[in-house]
Amino acid sequence: MGTINCSICDFKSPATDSLSKRELDHLQENCAQVKFKTGEIIFKQDALSSNIVYIRNGIVKLHMKGPDRESILKIAKAPAYLGIPTTVGDRINHYSATALVDTTACFIDITAFKEFIHKNGQFAYEIILDLCKNELRNFHRCVNMTQKQLNGRIADGLFNIADNVFGGEDEFMMILSRNEFSDLIGSSRESVSRVLTQFHDEGLISMVGKKIKILDRETLQLISKNG
DNA sequence: GCATTAACCACAG
DNA sequence: CTGTGGTTAATGC
């Protein structure tokens, strides 16, 4: 952990960029930095929470235990705020966060965070902007998830990771296990396994270990579009 | 009816 | 943790 200095943080969010020197000092007094290894839980569903989590570094899955299976709500990569809906909306976490790669997170006290919202309009605006983009994305994902069939959802899942997590790279590390991937697209691990090898056999993707490369983006996009 | 889709189960690397 | 094969229920033509 050690001492931290928010003023000179290299990973400041657009929101914290709008904080004054005094506010940054205040943030620093109410903030703790914690490192997580791959697979470690950052916060847990049904546990009490009084912190907003800011991911400085790393990739995280937000996931929720449903009626009978686990669902991945979102994959978040740094920089990102995590617990806003679940900490501001309630005292109990409605979902969990688990590190998919080694991750550095800052835990910000909810009282200090709320204070910034109340007193600094620019800060509040940046937070709202972030939440709005997020909600829009989720609306789209929700529609796609319920209306597309398996092949389309898997293509979507691949694009989700390639484009949103790895910034549009055609080659990327599959940071999810087959089972986690099925949690992301609402399917079963067997189906994911089958379709992925099918995509591979058709020459749409290549798989070497955990590395996946998109070879035929056009056809995959077609599959995504037509469900 | 018959075909397709995808989940569930079982078993093997 | 993965890949495969068989079985099965739901849905569509």
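Hydrogens, waters and symmetry mates are skipped; everything else that's a heavy atom, side chains included, is used. All chains are named by letter (A, B, ...) in the order of the sequence lines, taking the proteins before the strands, and each is independently numbered beginning at 1. Quick caveat: nothing in here was measured; it's all calculated off a predicted structure.
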Gap between atoms [atom1] and [atom2], on [X] and [N] respectively (whole Å):
X: A/Gln198; N: C/dG3; atom1: CD; atom2: C1'; value: 14 Å
X: A/Asn179; N: C/dT2; atom1: CG; atom2: C1'; value: 10 Å
X: A/Arg178; N: C/dC1; atom1: CZ; atom2: P; value: 13 Å
X: A/Asp201; N: C/dT4; atom1: CG; atom2: C1'; value: 13 Å

Task: Sugar-phosphate or base contact per nucleotide [nucleotides 3-13 of chain B; S, B, -; heavy atom under 4.0 Å] - done: ---SSBBBB--
- [ ] Heavy atoms under 4.0 Å is the rule here; annotate nucleotides 8-13 of chain C 5' to 3' with B where the base is hit, S where only the sugar-phosphate is, and - elsewhere.
- [x] ------
- [ ] Considering non-hydrogen atoms only, spot the tightest contact between A/Leu196 and A/Met207 and give its length.
- [x]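 It is O-CE, 3.6 Å.
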Open item on the list: Membership question, hydrophobic clusters at under 4.5 Å side-chain separation (ILVMFWY): are A/Val88 and A/Ile92 in the same one?
Closed with: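 In one cluster with A/Ile92: A/Val88, no.
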Task: ring pair (Phe, Tyr, Trp, His ring centres under 6.0 Å) pairs, two or more places apart, involving residues 16-37 of chain A - done: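 Residue pairs passing ring pair (Phe, Tyr, Trp, His ring centres under 6.0 Å), neighbours aside: A/His26-A/Phe116.
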Open item on the list: I'd like to know if A/Glu115 pairs up with A/Lys119 as an ion pair, taking the criterion as any Lys NZ or Arg NE/NH1/NH2 lying under 4.0 Å from an Asp or Glu carboxylate oxygen.
Closed with: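 Salt bridge present between A/Glu115 and A/Lys119.
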Task: Salt-bridge contact A/Lys148-A/Asp156 (side-chain N to carboxylate O under 4.0 Å) - done: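 Yes, charged N to carboxylate O under 4.0 Å.
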Open item on the list: Could you work out, with side chain to side chain donor-acceptor pair (under 3.5 Å) as the rule, every residue matching A/Arg217, not counting sequence neighbours?
Closed with: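 Here the qualifying residues are A/Asp163, A/Asp170.
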TODO: State which residues pass side chain to side chain donor-acceptor pair (under 3.5 Å) with A/Ser13; sequence neighbours excluded, sorted by chain then number.
DONE: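 Once residues adjacent in sequence are excluded, the partners of A/Ser13 under the side chain to side chain donor-acceptor pair (under 3.5 Å) criterion are A/Thr16, A/Tyr81.
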Task: Qualifying side-chain hydrogen bond (donor to acceptor under 3.5 Å, both in side chains) pairs, either residue in residues 129-139 of chain A, two or more places apart - done: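 Those involving residues 129-139 of chain A are A/Lys74-A/Asn134.
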